Amino acid sequence: MTNFAQTYFSYFSVAESHIEPPPQPNLDCVLCIPCFSEPDICATLQSIQKTIAAHNVVEIIVVVNFSETASDEEKEYNRETFKTLQEFTAEFNTKNCTLYPLLIENVLKKQAGVGYARKTAMDEAIHRFAYNNNPQGIVLCCDADSLVAPNYASEVISYFSKNPTCGVATVRFEHPLSGDLPQQNYDAIAQYELHLRYYVAALRAIDFPYAYHTVGSSCAVRAQAYCRQGGMNKRQAGEDFYFLQKLFQAETVGEINSTAVFPSARISHRVPFGTGFAMKTMLEEGENSVYYTYTPESFAVLQQFFASFPQLYTFRHCGLDPQPEQSGARRSQSQQKSGEVAGQARNDEEVYTSFHKSLREFVSYEMFEQKCNEAYNNAASQTQFIKRMFLWFNGFQVFKYLNFAHRGYFEKIPVKRAAQLFLGKTNMNVVELLGDFREIQLT
């Protein structure tokens, strides 16, 4: 029998398995944690262990890693962390929860980072499930500075069990808004989380189909779906965004809101963007730092663009397939060669010229026509046409457009103001707004 991971290992795996003992036959979930200079990794592990139900079997893989360019102090610190984890296994491991710490030293500068470490852990998880030939196994991601809700592991496993077609799922997250860190950290992380939630809520409001959170410390994927989509990438930052956007387009997506991950509000000096970098930048600006986000008007531009997709299909379909009984058919070869019917190019151009100038500069008319025609030529229905248009203008294109548009056509505004405008509540502070957005995304 062919193993479900055979092709993945041939083309995409980062390395051979590092773990010798075979997994238990009934392994349910492998939890993957990248670790670099993390002082509280044991607290994270203890938080997770308490959430594993007695009837579940879970392995936890911690990849302690550092770059070839790391300082001597960083290298020594991480080697000591690895030794601590090795010793910790004696008191930590139980019959249904096994910790496997791995040490990956002197990673090449061009590869080193959270992406490489996360991929190493997740690929190792695939080795574990491949040993049992279990394509339904759950690969769960967390970070080394996160704590979790009391039902975390058991709830994730239960969700996938109850939703057998789900290939990838996001797990609810909430950054702490108070604690042992300086208050400035919590003020900054509240703004950044508000940005994340405003962004997803704004995309959902304009009917973007892939409007889900892309937080690497709070997601899970089935082993088979992971392999099918080519696995995690090795990006030094943003690895979670690119990985999850790819899965959102291709797999059935779930949202696990019945439990939660609590990521840290610490800063990070290791990544060039993302949560850690945003925290670093805001803290460097001082106590009254402000996080700026995309203006609501820019989402309105995208809303008009997305709303045109059904009309664009109708232009082509009604002109090229006028017979009602052929309403679901694709264009024939002769139709494709005959060119556009009278009025179609004019109608397409009218639609295009109605778009905001920022969008027309971001997407040329030639590219727009090409993508519309490609989508139509490969779609048997309006639903398929629209899906193909979104496969082109996906989450990455949305992100690129918004950044492009805010360099010359719009100005970013404080996230507090953006959230107030979105909710229509102008008298609320950041924490109050964040509370409302957290509630909205529970529904």
Side-chain angles (χ1 to χ4, degrees), residues 191-192 194-214 237-238 241-242 244-246 248-249 272-274 277-278 281 290-316 344-376 385-424 426 437:
Q191 290 189 72
Y192 187 71
L194 183 59
H195 157 72
L196 296 178
R197 295 192 182 279
Y198 161 72
Y199 183 75
V200 170
L203 289 179
R204 290 184 177 180
I206 62 173
D207 295 324
F208 182 67
Y210 311 124
Y212 302 99
H213 288 288
T214 54
F241 175 84
Y242 293 96
L244 288 170
Q245 288 293 346
K246 182 170 56 174
F248 293 160
Q249 292 180 211
F273 58 89
F277 180 77
T281 302
V290 175
Y291 191 87
Y292 287 81
T293 191
Y294 310 116
T295 181
E297 286 82 0
S298 61
F299 290 99
V301 172
L302 290 172
Q303 183 174 32
Q304 181 198 7
F305 179 49
F306 298 156
S308 74
F309 292 174
Q311 184 182 17
L312 292 165
Y313 175 85
T314 300
F315 288 164
R316 287 161 171 72
Q344 181 187 317
R346 174 178 57 80
N347 285 330
D348 283 352
E349 191 166 2
E350 285 180 355
V351 172
Y352 178 80
T353 55
S354 73
F355 297 149
H356 191 273
K357 187 177 180 181
S358 63
L359 187 58
R360 285 184 279 121
E361 189 155 332
F362 183 73
V363 178
S364 69
Y365 180 67
E366 291 72 23
M367 175 63 73
F368 174 71
E369 277 288 271
Q370 176 189 335
K371 294 301 182 180
C372 288
N373 289 331
E374 286 178 358
Y376 184 79
F385 173 83
I386 293 171
K387 182 175 181 179
R388 286 187 173 275
M389 289 294 285
F390 278 118
L391 289 176
W392 160 50
F393 213 93
N394 55 20
F396 182 54
Q397 291 297 323
V398 167
F399 179 71
K400 284 176 63 178
Y401 162 73
L402 289 170
N403 285 322
F404 171 84
H406 284 80
R407 287 197 293 268
Y409 297 93
F410 301 104
E411 288 188 8
K412 289 186 176 182
I413 61 175
V415 67
K416 175 183 173 181
R417 179 60 179 158
Q420 288 175 337
L421 290 171
F422 184 88
L423 295 177
T426 58
F437 274 93

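Position 1 is the first residue of the sequence; numbering continues from there. Computed from heavy atoms alone, side chains included, the values below leave out hydrogens, waters and symmetry copies. Computed from a predicted model, the values in this text were never measured in an experiment.
With respect to Glu349 and Arg360, no salt bridge is recorded, no charged nitrogen being found less than 4.0 Å from a carboxylate O.
With contacts defined as side-chain heavy-atom distances shorter than 4.5 Å, the pair Phe355/Val301 does not qualify. Side-chain contact between Phe305 and Val398 is absent, with no heavy-atom pair separated by less than 4.5 Å. Phe437 places a side-chain heavy atom less than 4.5 Å from the side chain of Leu423. Using a 4.5 Å heavy-atom cutoff, the side chains of Tyr291 and Leu194 are not in contact. Side-chain contact between Arg197 and His213 is present, with heavy atoms from C-beta onward closer than 4.5 Å. Residues Phe248 and Thr214 have side chains in contact (heavy-atom distance under 4.5 Å, counting atoms from C-beta outward). Looking at heavy atoms from C-beta onward, Lys246 lies out of side-chain contact with Asn394 at the 4.5 angstrom threshold. By the 4.5 Å heavy-atom criterion applied to side chains, Ile386 and Phe306 are not counted as neighbours.
Shown here are the side-chain contact (heavy atoms from CB on, under 4.5 Å) partners of Glu411, two or more places apart in sequence or in another chain: there are none.
Taking CZ of Arg407 as the reference point, atom CG of Leu402 lies at 11.0 Å (rounded to 0.5 Å). Atom-to-atom distance recorded for Leu391:CG and Met389:CE is 10.5 Å, nearest 0.5 angstrom. Lys416 contributes atom NZ, which lies 10.0 Å from atom OG1 of Thr426 (distance to the nearest 0.5 angstrom). The line from CD1 of Ile413 to CD of Gln420 is 9.5 Å long, rounded to the nearest 0.5 Å. Note: Thr293 OG1 to Arg417 CZ = 14.0 Å, rounded to the nearest 0.5 Å.
Below 30°, between 30° and 60°, or above 60°: for Tyr409 and His356 the angle between ring planes is above 60°, a perpendicular geometry. Taking the six-membered ring where tryptophan is involved, the planes of Phe393 and Phe362 are perpendicular, since the angle between them exceeds 60° and thus also 30°.
In summary, the aromatic rings of Tyr212 and Tyr210 are positioned with their centroids too far apart to meet the 6.0 Å limit. Taking the ring centroids of Phe241 and Phe399, they lie under the 6.0 Å cut-off. Aromatic ring centres of Tyr294 and Phe410: separated by at least 6.0 Å. Outside the 6.0 Å centre-distance limit, the rings of His195 and Tyr198 are not counted as a close aromatic pair.
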CA sep, side-chain torsions, deciding dist, call: Asn403, Lys412, side chain to side chain contact (heavy atoms under 4.5 Å, CB included): CA-CA 9 Å; Asn403 285 322; Lys412 289 186 176 182; 4.0 Å; yes
Might you work through the side chain to side chain contact (heavy atoms under 4.5 Å, CB included) test for Tyr352 and Glu369, ending with a clear yes or no? CA-CA 9 Å; Tyr352 178 80; Glu369 277 288 271; over 6 Å; no
Given the rule in the side chain to side chain contact (heavy atoms under 4.5 Å, CB included) test, do Asp348 and Arg316 qualify, once you have shown the distances and angles that lead to the verdict? CA-CA 9 Å; Asp348 283 352; Arg316 287 161 171 72; 2.9 Å; yes
I'd like to know whether Cys372 forms a side chain to side chain contact (heavy atoms under 4.5 Å, CB included) with Phe315, so could you lay out the CA-CA distance, the side-chain angles of the two residues, the decisive distance to 0.1 Å, and finally the verdict. CA-CA 11 Å; Cys372 288; Phe315 288 164; over 6 Å; no
In sequence, state the C-alpha distance, the side-chain angles, and the governing distance for Phe309 and Phe385, and then conclude on ring pair (Phe, Tyr, Trp, His ring centres under 6.0 Å). CA-CA 8 Å; Phe309 292 174; Phe385 173 83; 7.1 Å; no
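Taking all atoms of both residues into account, the shortest heavy-atom contact from Ala202 to Phe422 is CA-CE1, 3.7 Å.
Of the N and O atoms on the side chains of Tyr401 and Ser358, at least one donor lies less than 3.5 Å from an acceptor on the other residue. Between the side chains of Glu374 and Gln370, at least one donor N or O lies within less than 3.5 Å of an accepting N or O.
Put simply, the side chain of His406 gets close to the backbone of Thr295: a donor and an acceptor are under 3.5 Å apart.
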